[in-house]
Amino acid sequence: MTNATATVVVPTVAAPPRLAPSADEAALVARARAGDREAFGDLVRATERGVLAICRAMVTNDDDAEDIAQEAYLKAWRALGRFDVRRPFAPWMHRIASTTAIDAARRRGRRPRPVAIDSVSEPADANAPASERVWLDQARRCVAGALAALGADVALLYHWRYVEELSVEEIAARTGRRPNTVAVALHRLRDAVRRQLQRQGDLDP
Amino acid sequence: MTPSPPKPHQAPVTDDAAERALRDTARAVSSPPHASLADRVVARLADEPAPSRGARVVPMMLAAAAALMVVAAVAFLLAPASEPDRIAEAPTPANEPGATSMPDVRPILLASATEALAEPIATYRAPIDWLSGPVARQAAGAIELLAQAGAAAPPEPTPRESS
C-alpha cells in the first residue's frame, strides 16, 4: 500500500507563495474598492488564468467555465469591501472561484460518464492520438467528479498542487495547515480520482 | 483504418493512473482563455454598485445590537415575574404610604432596545443582503423574543391595595 505522504511528487517548479500583496496589487485593490472598475479589470487580467483553470477543472466544459469565472469575479467585486487588503488577491479570488464552481457543478449534477470521441471538447493537442484525447476527456471528468465530491477546500489544494505546482510545504504555509494535513487531503483526492476511474472503466463496454 | 481506442483502464486502477489523471487535467485546464475575461467582467460591472467599504462594520454592529437585545430580553422576561410582587410584599419603605414607587423600566427598555436594533438594520439592509447567517437569525430571534415579552407583560403593575 502506498503511503499518503510518500506519493507526493516533488514539484518541478517551486514558485514561492506570496503571503503579502505587492505594492502594485495593493494599489489596484484600493482603487477597485473605491469603485474603479478598470482597476478591477486589471486584477481580473492578473488572475484570470488561475481562476479559469479552477473552473475548468470542475465543470469540464470551457464555455460553462468562463461563465462561472465571470460569476466568481462579480461575487468578488461585491465582496471587495470585506477583502483583507493585507493578503494577496489571487488566493482569495481562487477561493471564490472554487466555491462558485463547486456550487455550479453540483447544481448541474455533472458526473463522470462515458464519452464518444466526437464529444471531446477541448483536446490539449489536436494532433494527439484519439486514445489520448479520450483519456484526457475521461481524466477531466473523473477529476471534476472527485472535486465536486470533496468540496471547495480540496479543489483549492488541487489547483495549488497540480496547476501552480506548489510543494506541500508551500501550500501548508499558504493555508496555515500542517504539511501532513495537506498531504493527507491530497491523498484523499488521488484516491477519489482512482475510484472515479475505476467506476468509469467498469462502465465502459 | 485506425484501431479502436483501447479501453482506458482495466481493473484495478492504480494510484499512478490517478496521479496521471490529475496532472494531465492540470495541463489541460491551464491553457489561457480564448479572449480576456477582463473586458467582459468590466462590462458587467457597469450595472453593479461600487463595493461597500462599510460592509465589515455592519456585522459587528448587528452582532452587538443582537447581543444587547438578548440581554435586554432576558432581563425583561425575568423582571416582571418576580420584581413587582416582591416589591409589593416586602416590608420596605416603598410600600409605606407616601413613598414613591419604583418606576417600571420595561417600556423604556423595550423602546430603546428596539430602536437600537432597528436603526442599523434599516440603514444597512441593502449592503447586507448576504447577511442571512447566524447574526441575522440571532437578531430576528431577539426581536421576536422581545415582541412576545412585550405582549405577555401587563401594561402596569396593579397596586395590591386596590384589590
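To find a chain, count down the sequence lines: A is the first, B the second, and so on, and within it residues start at 1.
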### Task
Check the pair A/Arg195, B/Val13 against side-chain contact (heavy atoms from CB on, under 4.5 Å), reporting the backbone distance first and the verdict last.
CA-CA 8 Å; A/Arg195 280 185 273 112; B/Val13 176; over 6 Å; no
### Query
So which residues of residues 47-55 of chain A are in contact with chain B at a heavy-atom cut-off of under 4.5 Å?
A/Glu48, A/Arg49, A/Leu52, A/Ala53
### Summary
Smallest heavy-atom separation, B/Ala21 atom then A/Leu197 atom, equals CB-CD1, 4.1 Å
### Task
Decide, yes or no, whether a salt bridge links A/Glu71 with B/Arg40 under the criterion of side-chain N to carboxylate O below 4.0 Å.
no
## Note on the structure
Nearest heavy-atom contact between A/Gly81 and B/Pro51 is N-CB, 4.1 Å
### Message
In the structure I gave you, are the side-chain heavy atoms of B/Arg44 and A/Trp77 within less than 4.5 Å of one another anywhere?
### Response
no
### chain A contacts, top residue of B/Leu37, B/Val42, B/Asp39 (heavy-atom pairs, under 4.5 Å)
B/Leu37
### Message
Could you check whether any side-chain heavy atom of A/Arg37 comes within less than 4.5 Å of a side-chain heavy atom of B/Val41, counting everything from C-beta outward?
### Response
no
### Task
Measure the CG-CD distance between B/Asp24 and A/Glu132 for me, rounded to the nearest 0.5 Å.
7.0 Å
### Task
Looking only at non-hydrogen atoms, find the nearest pair between A/Gly41 and B/Ala38 and report the distance.
O-CB, 3.5 Å
### Message
Is any side-chain heavy atom of B/Ser31 closer than 4.5 Å to one of A/Arg56?
### Response
yes
#### Entry: Pairs involving residues 142-156 of chain A, ordered by first then second residue, that meet salt bridge (Lys or Arg N to Asp or Glu O under 4.0 Å) (sequence neighbours left out)
A/Arg95-A/Asp153, A/Asp153-A/Arg177
#### Entry: Pairwise side-chain contact, A/Tyr162 with B/Thr25, heavy-atom cut-off 4.5 Å (strictly under)
no
### Query
Among A/Asp62, A/Val143, A/Val163, which residue meets the side-chain contact (heavy atoms from CB on, under 4.5 Å) test with B/Val29?
A/Val163
### Task
Please list, chain by chain and in numerical order, all residues satisfying side chain to side chain contact (heavy atoms under 4.5 Å, CB included) with A/Ala46, sequence neighbours excluded.
none
### Task
Identify which part of A/Ala32 has an atom lying under 4.5 Å from any heavy atom of chain B, answering side chain, backbone, both or neither.
backbone
### Query
Can you list the residues that meet the salt bridge (charged side-chain N to carboxylate O under 4.0 Å, His left out) rule with A/Arg194, with sequence neighbours excluded?
A/Asp191, B/Asp15
### Query
Atom CZ of A/Arg190 and atom OG1 of B/Thr14: how far apart are they, to the nearest 0.5 Å?
11.0 Å
## Note on the structure
Rounded to the nearest 0.5 angstrom, the CG-CG distance for B/Leu22 and A/Leu189 is 5.0 Å
